[in-house]
Amino acid sequence: MKKTFIILCILALIPLSTAYGDIAELEHESLSSSVWLGYRMIDYIDSKRAEEFEYFENSVIGGLEYRTFTLPHRLHLEFDLENQYDYFGDLSYAYQDFILLRAIHRNTFHNWTNIELDPTGTNTATVRWDSASDIYDTRTGITDVSLRLKAPDYPVHLFASAHLVSKEGTKQQIFAGDQVFRGNVDRNSEERDIDWKTQEYKVGVNGHINWIEAEYIYGQKTFTAGGDATMVYAYPLPSPGAPIRNIAGDFPHNVIPDTKGTSHTVRVHTNYTGKLVATGSLSTKNRESDYSGAKADYVTGTTAITWMPITKLTMFLKYKYDKKDIENPDTVTIADVNVPANTYTDPAVRDSISSTTSRVSLTARYRPSKIATIRANITHETRTREEEEQWHIVPDSTQMNSFYLSADASPVKSMKFKLKYGHESYTDPGYNIIPDSSQALKASMSWLIHPNVSALLSYSGKWQDRKDLLYYDGSVNTSINNREVGSNLYFGNISFLIVNDTSLTLSYAHLNSEIEEDLFFHDGGGAPTWDENTPYKEIATNVAATLEKRMTDRLELSTGVAYTHSQASFEVDHANLVNGTATVEPVSQYSETELKEIVYSIGASYRIMKDLIIDGYYKYVDFNDVDDNIWDDVEDGTAQTFFVKLTKKWG
């Protein structure tokens, strides 16, 4: 991916060699550039979880930025390097309005936790943890390239874009080995090499024809799973009467298939001037799995009318049609990877659910005065499903009605308010996580209290209610209590300019959420039963402060501290879940989590000369698993990062 970006940059600069051949004859409107170089040191103790997205190796760091407007050319180039796996590049070039090129690449690093399946060492007969000593990490590269060409003196554009994503590295693969066929809990962990590539390309054309603008886009998307795309497990001979499989062998599992697909999109709209505007679009898309042969076809159509009867009032009427047609084979045959003739077949694969959705909405925006704007929206949606009867608890149709009302106001120049309320109701929800009714409220206020004091306050809340959760276990089982969901997020930020050379910023955030519902499970004897009104709770609080001070005309200092405290609990009550059984481990041992993290940072910037600056930065992170629960995947850890860099600027 890095090589791809460099090649694209080189190709993009080729036409500039001719364009800049007579640069002396052109007028320099603007020219600026900078180059920086430094060194980064990083270290950790106990666990990399303290800096989950950092590459823990010392490295040279550097970057550059070049910006020039030598009309009719415009060029901007930026590149930043933190280490061999974390870097960013951005290239833009334009020639008048005839050529517009943009290429962006970003590469990131991620440390993954190796979850220990049996930290007590008491279940060695049913746990296989082959990857106990492995450390996992992945590197992700994302490249976006776009090119637009305009016909001279005519409103027609040709355009193309590419979106490329690659992910390489290793991850932990956890799976149940032979649980279905032998009746005991067989848990496994193996290292999985990944080399995933997603490639999406689009080409299109648009233009004006009198008072209508039309556009057509063709797209192609593929996903390729390299590395260990297929895992293999040595399945033993199952117990008599086991379902489906009656042979032993080395069979694939956790397969990641290659997929491919194309899309066609047509858009049409009238001129965005006047009181009446109409738009419409039609899109078709297909996807196919190379492994199973499953196929999916999508058709989406939208149309919208915008009407402005008076200057203060605008109406938007929109209709959307969405059809999903998903097909899969009726049977699946899996072969022994070493003995292809050794196969077993599932003769009764359920059909995937296809659906058709119609959605109509009406939105009104009214501005009674310069200081306030009011918006209202009503929406009705109907979704019908096919082949849903094979899934027993999925309804053949669902209806949704919603209403939203929002207002923006600025009663005085230094103060702004935003308020939004929404209500949704569902008839025959399709899945247990969809509520019968839902309400949401958002509110925020920004206030310039004083020329030296500014504040921002916001609140976001959501509440959901659902009756009759459905589970299928040979027959439909219905819960007797409601599923209730509630969440609240509070945020506050205030900044002080204490004196002309000192500023202080304080922030506070608090999140609390809870889900309470009946859980359906099998007890130790295999009988279906319920754990009623089981709550899952999350609470997180973050407090942060940042102080910046200009010591002299050359020296600036900054320091900050951030503290985060988070808790989560899954409070089961049924005796089998609390104490476990002879064959089932207690769920309660996984239930509690409490984490604390504190981050200290300090930075300095010193201007050696007018265009020469040296910067230094230090950060210390202390990540603490308060509960020290051996059954979770959290470990204590500390991390320290320090870098120093020298920047030279021109222009």
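- Between Tyr431 and Trp391, the distance separating the two ring centers is not shorter than 6.0 angstrom.
- Note that CG of Asn432 is 7.5 Å distant from CZ of Arg483, once rounded to the nearest 0.5 Å.
- Interatomic distance, Ser352 OG to Asn328 CG, rounded to the nearest 0.5 Å: 3.5 Å.
- Between Phe53 and His110, the ring planes are parallel. Angles under 30° get that label, and only those over 60° would be called perpendicular.
- Neither side chain, Ser513 nor Ser487, offers a donor N or O lying under 3.5 Å from an acceptor on the other.
- Atom OG1 of residue Thr138 and atom CH2 of residue Trp196 lie 8.5 Å apart, to the nearest 0.5 angstrom.
- A salt bridge does not link Arg49 to Asp625: none of the charged nitrogens lies less than 4.0 Å from a carboxylate oxygen.
- Here the rule is side-chain hydrogen bond (donor to acceptor under 3.5 Å, both in side chains) with Asn482, and of Asp465, Asp468, Asn533 only Asp465 fits it.
- Residues Asn377 and Thr379 bring a donor and an acceptor atom of their side chains to less than 3.5 Å of each other.
- Tyr472 and Asn477 share no donor-acceptor pair across their side chains, judged by distance under 3.5 Å alone.
- At a cut-off of 3.5 Å, with distance as the only test, no side-chain donor of Thr284 or Asp297 sits close to an acceptor on the other residue.
- With ring centers used as reference points, Tyr344 lies under 6.0 Å from Phe251.
- A side-chain N or O of His522 and one of Asp473 form a donor-acceptor pair less than 3.5 Å apart.
- Ring orientation note: the planes of Phe520 and Tyr471 are close to parallel, at an angle under 30° on the 30°/60° scale.
- The residue from His423, Glu381, Glu424, His380 that alone fulfils the side-chain hydrogen bond (donor to acceptor under 3.5 Å, both in side chains) condition with Asn401 is His380.
- Applying side-chain hydrogen bond (donor to acceptor under 3.5 Å, both in side chains) to Ser283 and the options Thr300, Thr265, Asp322 leaves one that passes, Thr265.
- If you check the side chains of Ser569 and Ser591, you find no donor sitting under 3.5 Å from an acceptor.
- Looking at His574 and Glu532, their side chains never bring a donor and an acceptor atom within 3.5 Å of each other.
- Side-chain polar atoms of Tyr216 and His264 form a donor-acceptor pair below 3.5 angstrom.
- With values rounded to the nearest 0.5 angstrom, Ile378 atom CD1 is found 13.5 Å from Tyr404 atom OH.
- Neither side chain, Arg383 nor Ser358, offers a donor N or O lying under 3.5 Å from an acceptor on the other.
- The structure places CZ of Arg192 at 5.5 Å from CG of Asn254, a figure rounded to the nearest 0.5 Å.
- Note: Thr270 OG1 to Leu276 CG = 7.0 Å, rounded to the nearest 0.5 Å.
- For an aromatic pair to be called close, the ring centres must be under 6.0 Å apart, and His163 with Tyr201 fails this.
- Surrounding CG of Asp573 are at most 12 heavy atoms belonging to other residues, nucleotides or ligands under 6.0 Å away.
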